[in-house]
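For reference, the structure discussed in these notes is given below.
Quick note on labels: first sequence line is chain A, next is B, and so on, each numbered from 1.
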2 protein chains.
Amino acid sequence: MLNERKKRILQAIIDEYINSAEPVSSGSIAKKYGLNFSSATIRNEMAELETAGYLDKPHTSSGRVPSDKGYRFYVNELLKDDNLSLEEIKYIQSKLEMKVNNIEELTKITTNTLSEITHYTTVAVGPNPNVQTIEEIKFILLGTRMLMAVILTDSGLVKETIIKFDDDINQEQVDTLSYMFNNKLKGKPLEAIDQPFEEYLFREMKYSVKVIRPIIEQMKKLINDEKDFYLEGTNKVFDLPEFKSLELAKKFINLIDEKDIMLDLLDTGFAQDINIYIGDENDNDQLKDFSIVTFKHRIGNKDVGTIGIIGPKRMNYSKVISVMKYINRKLNDNQTNEENFEQPEEPKEES
Amino acid sequence: MLNERKKRILQAIIDEYINSAEPVSSGSIAKKYGLNFSSATIRNEMAELETAGYLDKPHTSSGRVPSDKGYRFYVNELLKDDNLSLEEIKYIQSKLEMKVNNIEELTKITTNTLSEITHYTTVAVGPNPNVQTIEEIKFILLGTRMLMAVILTDSGLVKETIIKFDDDINQEQVDTLSYMFNNKLKGKPLEAIDQPFEEYLFREMKYSVKVIRPIIEQMKKLINDEKDFYLEGTNKVFDLPEFKSLELAKKFINLIDEKDIMLDLLDTGFAQDINIYIGDENDNDQLKDFSIVTFKHRIGNKDVGTIGIIGPKRMNYSKVISVMKYINRKLNDNQTNEENFEQPEEPKEES
DNA sequence: TTTAGCACTCGAAGGTGTTAACTGCTAAAC
DNA sequence: GTTTAGCAGTTAACACCTTCGAGTGCTAAA
């Protein structure tokens with residue numbers, strides 16, 4: 001649809017705009033980008049690119065700015081691989097090779113690394129609770145009225161919570177609970193800890209509602225809690241020229257403080273590995289001035305979370321995507337080679 | 001030292017400045033604060049208050065602004081009780097009466113409540129690890145190469161961590177570990193999990209360094225981790241007029257992102273219940289434009305954490321202090337009446 | 001001792017002119 | 001037919017004023 005020259009010009013404009021954050025003039029790219037045409041020729045092409053919808057103009061006598069359509073074309077057709085520098089690679093390696101004891105820690109480190117390298121705000125969520133199944137459930141008595149419940153999932157996640165009771169419970173009760181939970185729920189999805197299961201326990205066990213109710217309640221809370229939500233580099237936006245207006249910065253900070261929106265934004269379903277949403281492509285209206293790039297972090301084919309970058313539309317897409325790809329590969333390498341995160345195989349019961 | 005009239009004028013100026021954030025003129029307080037003197041008289045007094053160091057002037061023809069010394073005098077001598085509104089009291093009650101299962105949750109809720117009521121940024125830390133003693137330690141085998149360690153402290157805190165091993169460990173080993181830890185450490189401060197203890201384990205147990213090293217390492221990490229650090233209302237500062245300059249807002253956001261500084265700031269030693277640091281009184285130079293108000297949250301005489309508010313020097317001190325006092329009392333009431341947080345008495349060992 | 005009155009200071013706001021960086025268009029050159 | 005030099009037109013940004021209002025400090029009278 002666009003001839004070669006238009007593509008080159010469009011690419012030059014967007015590259016330039018990503019760098020400078022200022023409307024791009026015909027003259028500047030004629031010089032810098034080694035296009036062997038005069039600025040006048042480029043001006044003509046730019047005018048056509050504008051009518052075709054790839055470019056916008058803040059005002060009559062100003063340079064051009066990419067439109068959402070322009071960015072989309074750029075991302076789909078013009079993106080070139082950004083080769084990471086040796087330092088960047090080393091930095092990522094050193095971060096990801098740190099010994100971690102659980103997935104949460106890994107996600108935290110990854111989120112931080114991504115933010116440090118790209119200088120954008122990074123958000124992450126753990127695996128969707130309703131794709132995980134229960135590997136094992138443990139109950140540990142802490143004192144006479146306090147219990148700790150630990151759930152191991154097939155994603156390798158360990159979730160634990162504390163439950164308090166108004167009455168004493170004893171080890172025998174805990175053992176029975178442990179048997180009932182594991183017998184009934186092993187291999188089931190996390191959501192299997194629900195109302196019907198609670199009713200089942202009421203029927204099958206002699207314990208009062210006073211014991212079972214808080215357990216189920218607290219475990220449901222544990223599962224649906226958004227506590228595995230990570231945010232890094234909030235303050236990075238202050239360095240971007242588009243946020244020199246306090247109004248916008250405030251909006252942005254408030255936006256990423258809204259967990260619901262952020263969770264929604266990372267809930268990319270079963271889409272492919274890297275997803276890009278540019279401006280208006282975002283479902284949420286408040287996000288229309290931003291671009292989001294997300295990727296799913298998997299072990300085998302198990303979803304262990306989604307990590308996303310949220311930044312201005314003139315985001316350095318090629319850098320962001322390169323880093324994401326590299327990190328994704330590294331994560332997979334680490335897991336398969338070092339078996340850091342294999343699932344606990346055949347956990348033994350205490351006799 | 002200051003006569004009654006000067007005190008009244010100083011109070012009026014500071015009250016007004018806390019409200020308006022703008023230099024206060026002689027005329028405005030003559031009118032608003034029912035002082036039966038003309039603006040000229042007040043001007044004379046203001047000039048004297050300025051030479052005495054209680055007031056500053058941004059420029060020759062502007063109104064007056066309180067100095068650090070002025071604020072200090074205000075806080076020490078002029079502060080009146082701010083009676084909380086019924087709505088505020090109800091709001092606090094509803095928040096604090098929520099059933100919580102651990103101290104972390106309570107701290108989180110308290111921090112959030114404090115921020116919502118005062119509209120300032122609130123920070124909190126859990127109890128200082130070196131004032132807590134070990135009540136009990138539990139080890140739970142999760143699979144063959146993964147262990148969960150749970151530490152109960154006398155503050156009622158439950159800290160847990162996951163430890164991974166390169167080789168298998170078995171239940172017998174875990175039982176021995178459990179015996180060794182509890183036998184040696186019960187009643188000791190958290191810091192007793194240290195190098196000498198690690199060496200003691202090496203000597204006394206037949207297990208390889210491969211088992212003991214990661215356990216000690218991870219538990220030390222758990223204890224010294226600043227993970228019980230809470231921050232609420234970061235974005236609230238954007239509503240304050242002093243942060244209309246992006247530069248300052250950026251500074252503030254970066255400042256409270258530095259955990260070290262924040263932890264330092266909350267580390268008020270064994271000082272009295274409510275501490276106020278105004279401007280230059282803060283040790284850290286970066287805090288010289290802010291005021292910090294902290295209070296220690298105790299159960300009995302056990303420190304369970306410190307909560308602080310960080311805001312502009314023209315903070316609404318009387319409101320902040322009233323809310324803190326009220327919350328502090330409420331927390332104590334809840335604990336003593338409902339025995340929500342009594343320590344686990346005489347925990348039973350599984351046989 | 002208090003206060004009215006006044007000269008003085010200063011920042012904020014708004015208006016004006018200039019400049020520089022663009023564009024679009026036209027007509028000539030290739 | 002395509003490209004380009006050249007030029008008029010547009011606009012934001014900036015520096016520079018002026019004006020205005022809200023203050024103060026001081027003096028002299030009450």
Q) Whole Å only: how far is the CD1 atom of I9(B) from the P atom of dT2(C)? A) 10 Å
Q.
Using a 4.0 Å cut-off on heavy atoms, which residues in residues 39-51 of chain B reach DNA chain D? List them by number, or say none.
A. R43(B), M46(B)
Q: Among E88(A), K95(A), E87(A), find the one that has a side chain to side chain donor-acceptor pair (under 3.5 Å) with Y91(A).
A: K95(A)
Scan the side chains in residues 286-294 of chain B for donor-acceptor partners under 3.5 Å anywhere in the protein, sequence neighbours excluded, and list what turns up.
residue: S291(B); atom: OG; partner: Y317(B); partner atom: OH; Å: 2.7

Q) Is D239(A) salt-bridged to K250(B), cutoff N-O under 4.0 Å? A) yes
Q. Which one of F252(B), F238(B), Y120(B) satisfies the ring-ring contact (aromatic ring centres under 6.0 Å, His included) criterion with F243(B)?
A. F252(B)
Q. Between dT23(C) atom C1' and L55(A) atom CG, what is the distance in whole Å?
A. 14 Å
Q.
I'd like to know if E77(A) and K7(A) make a salt bridge, using a cut-off of under 4.0 Å between side-chain N and carboxylate O.
A. no
Q) Just to confirm, is there a sub-4.0 Å distance from OP1 or OP2 of dC10(C) to any side-chain nitrogen or oxygen of K57(B)? A) no
Q: Give a yes/no on whether any side-chain N or O of S25(A) is located under 4.0 angstrom from OP1 or OP2 of dT23(C).
A: no
Q) Do you know which two heavy atoms are closest between L84(A) and S322(A), and how far apart they sit? A) CD2-CB, 4.1 Å
Q: Name the pairing partner of dC26(D), where a pair is Watson-Crick or G-U wobble with both distances under 3.5 Å, or state none.
A: dG5(C)
**Q.** Separation of atom CD in E22(B) from atom P in dT24(D), rounded to whole Å
**A.** 14 Å
Q.
For K80(A) and D15(A): C-alpha separation, side-chain torsions, deciding distance, then whether salt bridge (charged side-chain N to carboxylate O under 4.0 Å, His left out) applies.
A. CA-CA 11 Å; K80(A) 23 178 221 268; D15(A) 281 342; 3.0 Å; yes
Considering only nitrogen or oxygen atoms on both sides, find all protein atoms under 3.5 Å from nucleotides 9-18 of chain D and state each distance.
residue: dT10(D); atom: O3'; partner: T60(A); partner atom: OG1; Å: 3.0
residue: dT10(D); atom: O2; partner: S61(A); partner atom: OG; Å: 2.7
residue: dT11(D); atom: OP1; partner: T60(A); partner atom: OG1; Å: 2.8
residue: dT11(D); atom: O4'; partner: S61(A); partner atom: OG; Å: 2.9
residue: dT11(D); atom: O3'; partner: H59(A); partner atom: ND1; Å: 3.4

Q. Within this structure, what is the CG-to-C1' distance between L35(A) and dT2(D), rounded to whole angstrom?
A. 17 Å
(Q) Name the residue from N328(A), I327(A), T122(A) that meets the side chain to side chain contact (heavy atoms under 4.5 Å, CB included) definition with T110(A). (A) I327(A)
Q) Are R5(A) and dT2(D) close enough that a side-chain N or O sits under 4.0 Å from OP1 or OP2? A) no
Q.
Could you tell me how far apart D56(A) (CG) and dT23(C) (P) are, to the nearest whole angstrom?
A. 14 Å
Q: Considering only NZ, NE, NH1 and NH2 on the basic side and carboxylate oxygens on the acidic side, decide whether E22(B) and R314(B) come within less than 4.0 Å.
A: no
